[in-house]
Amino acid sequence: MLHRCSRVLSQFLGRGNSKMLREAYSTSLHCVQAQEGMSVSPDVIAKIEEGYAKLQAAPECHSLLKKYLTKEVVDQLKDKKTKLGANLLDVIQSGVANLDSGVGVYAPDAEAYTLFKPLFDPLIQDYHNGFAPDAKQPNTDLGEGKTSALVDLDPEGKFINSTRIRCGRSLQGYPFNPCLSEANYLEMESKVKAIFDNITDPELAGKYFPLDGMTKEIQDQLIKDHFLFKEGDRFLQAANACRYWPKGRGIFHNNQKTFLIWCNEEDHLRIISMQEGGNVGQVLERLIKGVKTIEKQAPFSRDDRLGWLTFCPSNLGTTVRASVHIRLPKISAKPDFKSICDGLKLQIRGIHGEHSESEGGVYDISNKARLGLTEFEAVKQMYDGIAHLIALEKAA
Ligand SMILES: Nc1ncnc2c1ncn2[C@@H]1O[C@H](COP(=O)(O)OP(=O)(O)OP(=O)(O)O)[C@@H](O)[C@H]1O
């Protein structure tokens, strides 16, 4: 049996003192009793083996999961369990259910990254531009003092609709989605809400809107306007990441909706800065201020090798995805558009985010790698790549 205990500290939360909040936070971390001696049940092992066979038998599947879940890896890992009780099936089930996954794996808790490293390490190396098993994420450098170098990419407003930079953070002391209870979700939400209530900077201050109780109209409008996460993502659902929905989920935003924080979607927190146009420097400057404000009050999980820890290995390290919504009608019509973007280490998505299509010729283009480089370098990768694409478009 897995036992979790946590002490309620609501009497501390909500008071406007960040030191007090931080102390209250750290004394309420979870106590988790290890499950030593418990093995993985035969039916779970059978499902892992069936999953492996399903992937192998699917020619349409090109996920990194399929590439790196070899027979040897299955045999080596199928009977392993983390201290919180997560097994290989928890890691692979989304990619097995969704054969069109690009990555196909999630880490149910932080320990999964080390316990299941024969699967994670080569997959991480492949996704993050060759980040080797002995490589180490550099120290955090969000780009303080350097944002003025990122001048507006599109001062005439011909190509870029909007710019967005987000990063993810996991609250120390809590595992990731599949291992969280309903009480965990609610407790985390109340902790971060107290932190949000404490934001006083006029550019950042705003309000938290829980999903539970939000009208369908408001929710749909926020999604349509690109501010809020979608509901019912089949990749997350199959990863067991949507349990107790909408409990503990929500969005904080300032009045202008240029600084936003998602609570308990894929990651515990997603911190987002966005605005219309191509002024990357301004967007990054606001994100830096926001991240520094939040991290003063909440300790986040960071691994010496993998950097900031996230549920999906594609987000490890910096966790930064810096994107523009951009129209490049001439070059995006060319058959080599994707390979040009690959060469610039850029990822193309549709207008409504991952797994969506372009609309009206607008693409979401961002840095692809998030690990093995600093936060500023990740943003700069997008910045330089987009500057190059705009030059190609102008010349086409
Ligand atoms: N540059 C941008 N301008 C406006 N909206 C954006 C921009 N980039 C992304 N978005 C919007 O943000 C929302 C979330 O997108 P998406 O889920 O692809 O990315 P994400 O937040 O980086 O998370 P993940 O990579 O985990 O999916 C979507 O509505 C998407 O259209």
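Predicted model only: the values in this text are computed from it and were never measured. The figures that follow rest on heavy atoms only: side chains count, while hydrogens, waters and symmetry mates do not. Atoms within a ligand are numbered from 1 in the order they appear, just like the ligands themselves.
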Side chains of Glu189 and Tyr208, donor plus acceptor under 3.5 Å
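Side-chain D/A pair, Glu189 to Tyr208: present.
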How does the hydrophobic cluster around Phe227 look, that is, which other residues are in it when side-chain heavy atoms under 4.5 Å mark a link?
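Members alongside Phe227: Phe209, Leu211, Met214, Ile218, Leu222, Ile223, Leu228, Phe229, Trp245, Ile251, Leu260, Trp262, Ile272, Met274.
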Lys368 to Tyr127 six-membered ring, cation-pi geometry met (6.0 Å, 45°)
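Checked: cation-pi criterion met.
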With sequence neighbours excluded, give me every ring-ring contact (aromatic ring centres under 6.0 Å, His included) pair touching residues 49-74.
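Residue pairs with at least one partner in residues 49-74: there are none.
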Just let me know how Trp262 lines up against ligand 1, side chain, backbone, both or neither, with a heavy-atom cut-off below 4.0 Å.
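For Trp262, the contact with ligand 1 is made by the side chain alone.
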Val324 neighbourhood, listing ligand 1 atoms whose heavy-atom distance to it stays under 4.0 Å
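Every atom of ligand 1 under 4.0 Å from some heavy atom of Val324: 1 (N).
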For Ser323, take its heavy atoms, then give the atoms of ligand 1 lying under 4.0 Å from any of them.
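Counting from 1, the qualifying ligand atoms are 1 (N), 2 (C), 7 (C), 8 (N), 9 (C).
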Given Arg270, Met382, Arg321, Met274, which has its nearest heavy atom closest to atom 26 (O) of ligand 1?
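Among Arg270, Met382, Arg321, Met274, the closest heavy atom to atom 26 (O) of ligand 1 comes from Arg270.
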Shortest heavy-atom approach to atom 25 (O) of ligand 1 - which of Arg166, Glu265, Lys224, Glu266
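Going through Arg166, Glu265, Lys224, Glu266 one by one, Arg166 has the nearest heavy atom to atom 25 (O) of ligand 1.
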Polar-atom distance check: Asn315 versus ligand 1, any N or O pair below 3.5 Å?
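No; the residue has no nitrogen or oxygen that sits under 3.5 Å from a nitrogen or oxygen of the ligand.
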Compute the shortest N/O to N/O distance between Arg349 and ligand 1 and return yes if it is under 3.5 Å, no if not.
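There is such a contact, yes.
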Side chain Asn367, main chain Gln381, donor-acceptor under 3.5 Å:
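Answer holds: no.
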Are Tyr383 and Val324 close enough that some pair of their side-chain heavy atoms sits under 4.5 Å apart?
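No; the side chains remain at least 4.5 Å from each other.
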